[in-house]
S.K.: 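This is the structure, below, for whatever I ask next.
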Amino acid sequence: MRFFNMLIPTTCALALVVDPTLGLSIDSSKIRRQPVLSSAVSSSRLSASFDWLRQQSAFLSSVSDSTSQGSDFESWLSLQSARSFDGILANIGPDGANVVGQNVQPGVVVASPSHDHPDYFYHWVRDGAITIRVLVDEYAKSGSASVKTIIDAYVDNVRTTQWTPNPSGQFGRGGLGEPKFEVDGRAFVGTWGRPQRDGPALRAITLISYTRALQDRGASIDSLRYLYDLIKPDLEYVSKFWASPGFDLWEEQEGLHFFTAMVQYKALFLGKDISLDFNDDGAARWYRTQSNGLKQFLLSFWDEERGYLVETLASPRSGLDTAILLGAIHGGSETVFPIYSDSMIATLQALVADMLARYPINEQDSFDSDSFPSAVGIGRYPEDVYSGGDLGDSGLGNPWFLCTASVAHTLYGLVEHLALSNSGLTITNLTADFYLPLLSPTPEIKPEYCDFSATGMWSRSAPILRFAPGSRENEQVITNIMHYADGFLRVVRKHADGDGNMSEQFDRNTGFMRGARQLTWSFESVFSAIEMRERAVSAIAKRRAYLDRFGI
């Protein structure tokens, strides 16, 4: 009877006006395209690139302030997108505003300018690859020579980093699993959770994406072999060590992890194709075989009894973890746990439900009535006790900016999928807790399919309600998910400072920022969530045009 009870009127109808023109990125019309250059980068070119990009960011911010139309929230989105991009640049050596004059090597991505409480003034392989991917995507769209200069500096740094002996080993002997390096390029030799096997996979994904972007802009495959020479060692590492335990992305648990496996799968999936482009047929066959093995391995992270994905196998924890959403964002594909899959949405629902009651500040961060799901601050995982390394550490975890933004990102990905789909909305036992509160209760609800049989009740994957494409309920759910997703970015907005800066966390009781200041990954995650929102807005606009055309 649980699902009948959930259909009792508990939600309210919501209207959302979506501006399909919303968005902010570097204006490609103002960028002078240049031919593909070599990866060698001079300090003067890098300095000029940073100066130009700072000017662009300031220009875009001023335009946003003066010409933005629509809601205050939409204005904030445009402004925060520019500020987040600027925040990313500020933490990249040698001339980023937060790192200049501190012996940061060209292309090094510093996790945070914080030197103490906590000290994050290092280059993490994982964080660097995720961050540079944002610049690669920007270059793919705009062709900006200034962006390319910074990416090329990162490429040069990868070459150096791969060959730097470190506590995890040497090149070809485990050294690629080293998680972080000093900002001047030296190995970090202190005690740490090593190896971390997600870094090589993420770096390969970023470099493969850069290779494709250069190809799209006219570079010959032969001229890009220098990139394949960096990609292949990382792919070899992934292909040989994906079944070996390592530390998770939070650098706390040793074991086999969902996030790591997801990005490893994507790296090998992309790797088999790029290997063929460079006539490395034997490697392509090997990567295909290993990616197939990883695909099957990933299924073991689904916990049927709990009804959600778990981050680490054989862990005493609950298994709920924002790392699962990050795995879909950075490693998802159409073939295994895509961002919109029922498994991912059920996991998101369980995570948000836990966080809603876990942090006192979430009682104040409600932007909706009690009858509509509330967006709240999201932490890393329920059992978290790390509060940012501040003096007077409480020994309890807090919501994180990047985790909160990742929920928004995942929901926007779901909106895009539903908006572009012609199959309608299917609600299963697995996703009922998520979808049913998003349906405005009315006697007029008429599903195309309804099955509350005893058989269906006991099967998580059994469809219980199905609504036809174009139906009022189908369109209503898409609109309401968009509204729900926006709520998580509203939480981000509330706790960021007036200049759009974001630390690592915000306090579970007071809401004030704490932990590493101006965290690069916070900027990246919010920037990427806003980019995903633009895609969702575009998909909704296309859907509405289609429905209008056929009078649906």
Side-chain angles (χ1 to χ4, degrees), residues 23-28 31 46 49-50 52-54 56-57 60-61 77-93 96-99 107-112 123-155 157-158 198-199 201-214 216 249 263 266 270 325-326 328-332 339 401-402 405-406 408-410 412-413 489 492 500-502 518-535:
L24 185 65
S25 60
I26 293 178
D27 186 352
S28 60
I31 297 172
L46 266 174
S49 296
F50 277 96
W52 183 88
L53 285 165
R54 289 192 195 103
Q56 283 294 110
S57 181
L60 289 168
S61 297
L77 287 169
S78 296
L79 186 59
Q80 186 60 50
S81 179
R83 286 170 167 173
S84 294
F85 194 80
D86 197 41
I88 288 170
L89 297 176
N91 289 345
I92 301 177
N98 290 333
V99 302
V108 165
V109 179
V110 179
S112 161
H123 171 77
W124 268 267
V125 174
R126 171 181 50 254
D127 297 37
I130 288 173
T131 302
I132 295 298
R133 177 66 190 274
V134 169
L135 300 188
V136 170
D137 289 345
E138 181 56 48
Y139 172 72
K141 290 186 294 184
S142 69
S144 165
S146 296
V147 170
K148 183 180 185 300
T149 299
I150 297 172
I151 300 171
D152 286 340
Y154 169 80
V155 170
N157 179 257
V158 168
D198 54 357
L202 288 161
R203 190 164 57 193
I205 292 168
T206 295
L207 293 178
I208 291 171
S209 298
Y210 187 39
T211 302
R212 297 309 189 197
L214 291 172
D216 290 343
L249 80 166
V263 297
K266 183 171 184 177
L270 298 175
L325 307 184
L326 291 166
I329 291 168
H330 297 291
I339 198 169
F401 285 99
L402 78 90
S406 295
H409 190 136
T410 303
Y412 291 136
L489 288 187
V492 167
N501 290 313
M502 293 170 287
Q518 294 174 288
L519 188 75
T520 308
W521 202 350
S522 293
F523 290 124
E524 180 280 330
S525 62
V526 172
F527 180 86
S528 295
I530 295 172
E531 290 283 291
M532 187 70 245
R533 186 184 191 275
E534 293 181 17
R535 288 173 49 178

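We number each residue from 1, following the sequence as shown.
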S.K.: With respect to Ile132, which candidate in Ile130, Val134, Leu135 satisfies the side-chain contact (heavy atoms from CB on, under 4.5 Å) definition?
M.R.: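 Testing each of Ile130, Val134, Leu135 against Ile132, the sole residue satisfying side-chain contact (heavy atoms from CB on, under 4.5 Å) is Leu135.
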S.K.: What's the separation between atom CD in Glu534 and atom CG in Leu77, rounded to the nearest 0.5 Å?
M.R.: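 The distance works out to 8.5 Å.
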S.K.: How long is the straight-line distance from OG1 of Thr131 back to CG of Leu202, given to the nearest 0.5 Å?
M.R.: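 The CG atom of Leu202 sits 10.5 Å away from the OG1 atom of Thr131.
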S.K.: Can you tell me how far the OH atom of Tyr154 sits from the CZ atom of Arg133, to the nearest 0.5 Å?
M.R.: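 If we round to the nearest 0.5 Å, Tyr154:OH and Arg133:CZ are 11.5 Å apart.
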S.K.: Would you mind reporting whether Asp127 and Val109 have side-chain heavy atoms less than 4.5 Å apart?
M.R.: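 SC-SC contact between Val109 and Asp127 ruled out.
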S.K.: In the structure I gave you, are the side-chain heavy atoms of Trp521 and Leu326 within less than 4.5 Å of one another anywhere?
M.R.: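 Counting from C-beta outward, Trp521 and Leu326 do come under 4.5 Å.
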S.K.: Is the shortest distance from a Lys or Arg side-chain nitrogen in Asp137 or Lys141 to a carboxylate oxygen in the other one below 4.0 Å?
M.R.: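 Looking at Lys141 together with Asp137, the answer is no, because their closest N to O distance does not fall below 4.0 Å.
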S.K.: Would you name the heavy atoms of His123 and Val108 that are closest together and state the gap between them?
M.R.: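 Minimum heavy-atom separation between His123 and Val108: CB-CG1, 3.6 Å.
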S.K.: Between Tyr139 and Asp216, is there a side-chain donor-acceptor contact under 3.5 Å, judged purely by atom types and distance?
M.R.: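 Result is no, nothing qualifies.
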S.K.: So which heavy atom on Leu519 is nearest to which on Ser112, and how close?
M.R.: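 Nearest pair, atom of Leu519 first, then Ser112: CD1-CB, 4.1 Å.
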S.K.: Are Tyr210 and Lys148 close enough, and set up right, to give a side chain to side chain contact (heavy atoms under 4.5 Å, CB included), and what steps lead you there?
M.R.: CA-CA 9 Å; Tyr210 187 39; Lys148 183 180 185 300; 3.2 Å; yes
S.K.: Kindly give the heavy-atom pair with the smallest separation between Leu489 and Ala529, and that separation in Å.
M.R.: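 Heavy atoms of Leu489 and Ala529 come nearest at CD2-CB, 4.2 Å.
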S.K.: So for atom CZ, which belongs to Arg535, do other residues, nucleotides or ligands contribute more than 12 heavy atoms lying within a distance under 6.0 Å?
M.R.: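 It does not: Arg535 CZ has 12 such atoms or fewer within range.
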S.K.: Could you tell me whether the side chain of Glu138 reaches within less than 4.5 Å of the side chain of Ser144, counting heavy atoms only?
M.R.: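 They are not in contact (no side-chain heavy atoms under 4.5 Å apart), so the answer is no.
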S.K.: Are the side chain of Asp198 and the backbone N or O of Arg126 linked by a donor-acceptor pair below 3.5 Å?
M.R.: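 Judged by distance alone, no pair lies under 3.5 Å.
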S.K.: Any side-chain donor-acceptor pair under 3.5 Å between Thr520 and Glu524?
M.R.: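 There is no such pair (donor and acceptor under 3.5 Å, judged by atom type) between the side chains of Thr520 and Glu524.
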S.K.: For Met502 and Ser84, work out which heavy atoms get closest and say how close.
M.R.: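 For Met502 versus Ser84, the nearest heavy atoms are CE-OG, 3.9 Å.
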S.K.: To the nearest 0.5 Å, tell me how far Leu325 CG sits from Thr410 OG1.
M.R.: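 If we round to the nearest 0.5 Å, Leu325:CG and Thr410:OG1 are 4.0 Å apart.
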S.K.: Kindly compute the distance separating CD (Gln80) from CG (Asp86), expressed to the nearest 0.5 Å.
M.R.: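 Reported to 0.5 Å precision, the distance equals 10.5 Å.
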S.K.: Let me confirm one number: the CG-CD1 distance from Asn98 to Ile92, rounded to the nearest 0.5 Å.
M.R.: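 The CG atom of Asn98 sits 11.0 Å away from the CD1 atom of Ile92.
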S.K.: Between the main-chain N or O of Leu402 and the side-chain N or O of Ser406, is there a donor-acceptor pair closer than 3.5 Å?
M.R.: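 Answer holds: yes.
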S.K.: Taking all non-hydrogen atoms of both residues into account, name the closest pair between Ala213 and Ala140 and its distance.
M.R.: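 Heavy atoms of Ala213 and Ala140 come nearest at CB-CB, 4.0 Å.
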S.K.: Under the 3.5 angstrom rule, does the side chain of Thr149 hit a backbone N or O of Ala145 as a donor-acceptor pair?
M.R.: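 Side chain of Thr149 to backbone of Ala145, a donor-acceptor pair under 3.5 Å: yes, one is there.
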S.K.: Between Ser81 and Phe527, what is the shortest heavy-atom contact and its length?
M.R.: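 For Ser81 versus Phe527, the nearest heavy atoms are O-CD1, 3.3 Å.
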S.K.: Begin from the C-alpha positions of Ser525 and His409 and carry the test side chain to side chain contact (heavy atoms under 4.5 Å, CB included) through to its verdict.
M.R.: CA-CA 8 Å; Ser525 62; His409 190 136; over 6 Å; no
